[in-house]
There are 2 protein chains.
Amino acid sequence: MTSTMKVLSNASNYGLRALLYIVSRERGGDAYISLGEISEELDISFHFLTKTMQLLTQGGILVSYRGPNGGIALKRPAEEIMLIEVVKILEGKDFFDTCMLGLEGCDDCNPCPVHHLWREIKGKVKHDFATTSLAMMGQRINEQNLRLIP
Amino acid sequence: MTSTMKVLSNASNYGLRALLYIVSRERGGDAYISLGEISEELDISFHFLTKTMQLLTQGGILVSYRGPNGGIALKRPAEEIMLIEVVKILEGKDFFDTCMLGLEGCDDCNPCPVHHLWREIKGKVKHDFATTSLAMMGQRINEQNLRLIP
DNA sequence: AATAAATAAGACAAAATAGTCTGAAATCCG
DNA sequence: CGGATTTCAGACTATTTTGTCTTATTTATT
């Protein structure tokens, strides 16, 4: 009753914002960015962020390096990482295939009453996220000077 | 990480399904339907459902009547109740105006990096929900024999 | 080798959500 | 009136999500 339309959990939210921070901060080099810097810049709990970023490391989005001057970095070129891959790692693989009414096995063959509406919405979200790369987002953020913090 | 794209809380989910049950069950009469019947038919915890339905009663969607043969009923004609009103009562008024990244004050003037994508999505959801009435849903459910249970 | 800087891992606590239960109040019927 | 049926209200518990903290491990530097 307190509102949200919270499609993303806080964890995913933080992970996504962290990635956007990384790609918007790209200096061309492949230096590691520390979680301390990210958590400070984005005002996110350090330890909580750490756990989320480990998901992305395990998921093949990031590589990490320990020790002084260590941190995390994209494992692949930002052009090759689509938003959909990130969200699937953070929220689960079937994130874009769930029923709005929470009904088990709701699909085109066995639809819930709002399936026709929701399918369209999900389709658009899926399409948008499947065609938007982290590189595109980074460029957009820099060109338009967009914010990542409250 | 367990997936969901859970736009609706369980409480809202139950409330919406209960309303859809009511309108699909319409026998033309204005008899009250008991929460016991609904919770049984939809396999929802009785007491939990009760709390949610009280929100809808307080929100002006339902009227309730105690005692034998009592229950709940739509306060207004199903044609006049749009899905958007229901969701706003259950999830909060600004449900359709939140930022995907959870940033405070994200809007057209001060957008987050995914605002342009999310605004379109939200707009479509909002439009769909603002133009779909409970009556339309009830008719659809009956015509196509759609399910409200897992 | 010792120290410091960084991620990894996991125990723990707090808060939000979900669900259960008990009793009260209203209403009908005999 | 008295009992049965129903919503209303709120306390209580359980589960999930969120956040904190401590320790271990890796690596660079001196």
Side-chain angles (χ1 to χ4, degrees), chain A residues 1-18 22 31-75 90-92 95 101-102, chain B residues 1-18 22 31-59 61-75 90-92 95 101-102 150:
Chain A
M1 196 167 105
T2 323
S3 151
T4 36
M5 181 136 176
K6 194 172 187 168
V7 283
L8 294 184
S9 66
N10 282 12
S12 303
N13 180 327
Y14 298 160
L16 188 49
R17 280 167 61 206
I22 293 172
Y32 293 105
I33 301 183
S34 80
L35 291 172
E37 172 184 338
I38 299 176
S39 77
E40 239 177 71
E41 288 296 325
L42 299 186
D43 198 29
I44 298 172
S45 149
F46 171 76
H47 288 101
F48 195 52
L49 178 65
T50 288
K51 289 196 290 193
T52 298
M53 298 318 266
Q54 280 172 25
L55 280 180
L56 294 175
T57 302
Q58 292 157 8
I61 300 286
L62 298 172
V63 290
S64 66
Y65 201 82
R66 298 185 186 187
N69 301 314
I72 57 177
L74 294 183
K75 186 172 187 178
L90 294 174
E91 291 281 343
F95 177 72
L101 296 181
Chain B
M1 195 167 102
T2 324
S3 154
T4 38
M5 181 132 174
K6 191 172 188 168
V7 282
L8 295 184
S9 66
N10 281 14
S12 303
N13 180 325
Y14 298 160
L16 187 50
R17 278 166 61 205
I22 292 172
Y32 294 104
I33 300 181
S34 78
L35 292 172
E37 173 185 337
I38 300 176
S39 76
E40 239 178 68
E41 287 296 325
L42 300 186
D43 197 29
I44 297 172
S45 150
F46 171 75
H47 292 284
F48 195 51
L49 177 65
T50 289
K51 290 197 292 191
T52 297
M53 298 318 266
Q54 281 172 25
L55 280 181
L56 293 175
T57 303
Q58 292 156 7
I61 300 287
L62 298 172
V63 289
S64 66
Y65 202 81
R66 299 183 186 187
N69 302 315
I72 57 178
L74 293 185
K75 186 172 188 178
L90 295 174
E91 290 281 343
F95 177 70
L101 296 181

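In what follows, every chain begins at residue 1, and chains take the letters A, B, ... in the order their sequences are listed.
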Subject >> Residue mapping more 5' on DNA chain D - nearest nucleotide basis, A:Ser45 or B:Gly36 >> reply: B:Gly36
Subject >> Sub-4.5 Å side-chain heavy-atom contact between A:Leu90 and A:Tyr14 >> reply: no
**OP:** Begin with the C-alpha distance, continue with both residues' side-chain angles, and end with the deciding distance and a verdict on side chain to side chain contact (heavy atoms under 4.5 Å, CB included) for A:Leu8 and A:Phe95.
**Re:** CA-CA 10 Å; A:Leu8 294 184; A:Phe95 177 72; 4.2 Å; yes
Original post:
Roughly how many Å is it from CE in A:Met53 to P in C:dA8, rounded to a whole number?
Top reply: 10 Å
Original post:
With respect to the side chain of B:Gln54, which nucleotide from D:dC8, C:dT20, C:dA9 is positioned closest?
Top reply: D:dC8
Original post:
Over how many whole Å does the gap from B:Lys6 atom NZ to C:dA16 atom P extend?
Top reply: 16 Å
Original post:
A:Ser34 side chain N/O closer than 4.0 Å to the phosphate oxygens (OP1, OP2) of C:dA6?
Top reply: no
**OP:** Looking only at non-hydrogen atoms, find the nearest pair between B:Val63 and B:Lys75 and report the distance.
**Re:** CG1-CG, 3.6 Å
Original post:
Just to confirm, is there a sub-4.0 Å distance from OP1 or OP2 of C:dA9 to any side-chain nitrogen or oxygen of A:Gln58?
Top reply: yes
Original post:
Whole Å only: how far is the CD1 atom of A:Ile22 from the C1' atom of C:dT7?
Top reply: 13 Å
Original post:
Taking only side-chain nitrogens and oxygens of A:Ser9, does any of them come within less than 4.0 Å of OP1 or OP2 of D:dT17?
Top reply: no
Subject >> Spacing of A:Tyr32 atom OH relative to D:dT26 atom P, expressed in whole Å >> reply: 16 Å
Original post:
Would one find a side-chain N or O of A:Ser64 under 4.0 angstrom from OP1 or OP2 of C:dA8?
Top reply: yes
Could you list the donor-acceptor pairs under 3.5 angstrom formed by side chains in residues 42-58 of chain B, with sequence neighbours left out?
unit_1  : atom_1 : unit_2  : atom_2 : d
B:Ser45 : OG     : B:Phe48 : N      : 3.2
B:Thr50 : OG1    : B:Phe46 : O      : 3.0
B:Thr57 : OG1    : B:Met53 : O      : 3.1

Subject >> From A:Ile22 atom CD1 to A:Ile38 atom CD1, the distance as rounded to the nearest 0.5 Å >> reply: 4.0 Å
Original post:
Between atom CZ in B:Phe48 and atom P in D:dA14, what is the gap in whole Å?
Top reply: 16 Å
**OP:** Using atom CG of B:Leu62 as one end and atom C1' of D:dT6 as the other, report the distance to the nearest whole Å.
**Re:** 15 Å
Original post:
Just how far, in rounded Å, is P of D:dT16 from CG of A:Asn10?
Top reply: 18 Å
**OP:** Sugar-phosphate atoms are those with a prime plus P, OP1 and OP2; base atoms are the rest. Using that split, label each nucleotide of nucleotides 22-30 of chain C B, S or - for protein heavy atoms under 4.0 Å, 5' to 3'.
**Re:** B--BBBB--
Original post:
Should B:Tyr14 be listed as having a side-chain N or O under 4.0 Å from OP1 or OP2 of C:dG19?
Top reply: yes
**OP:** Determine: side-chain N/O of A:Lys51 to OP1/OP2 of D:dT17, distance under 4.0 Å, yes or no.
**Re:** no
Original post:
What pair of heavy atoms forms the shortest contact from A:Ala31 to A:Ala73, and how long is it?
Top reply: O-CB, 4.4 Å
Original post:
Just how far, in rounded Å, is P of D:dA9 from CG of B:Leu55?
Top reply: 11 Å
Original post:
What pair of heavy atoms forms the shortest contact from A:Ser12 to A:Glu91, and how long is it?
Top reply: OG-OE2, 2.6 Å
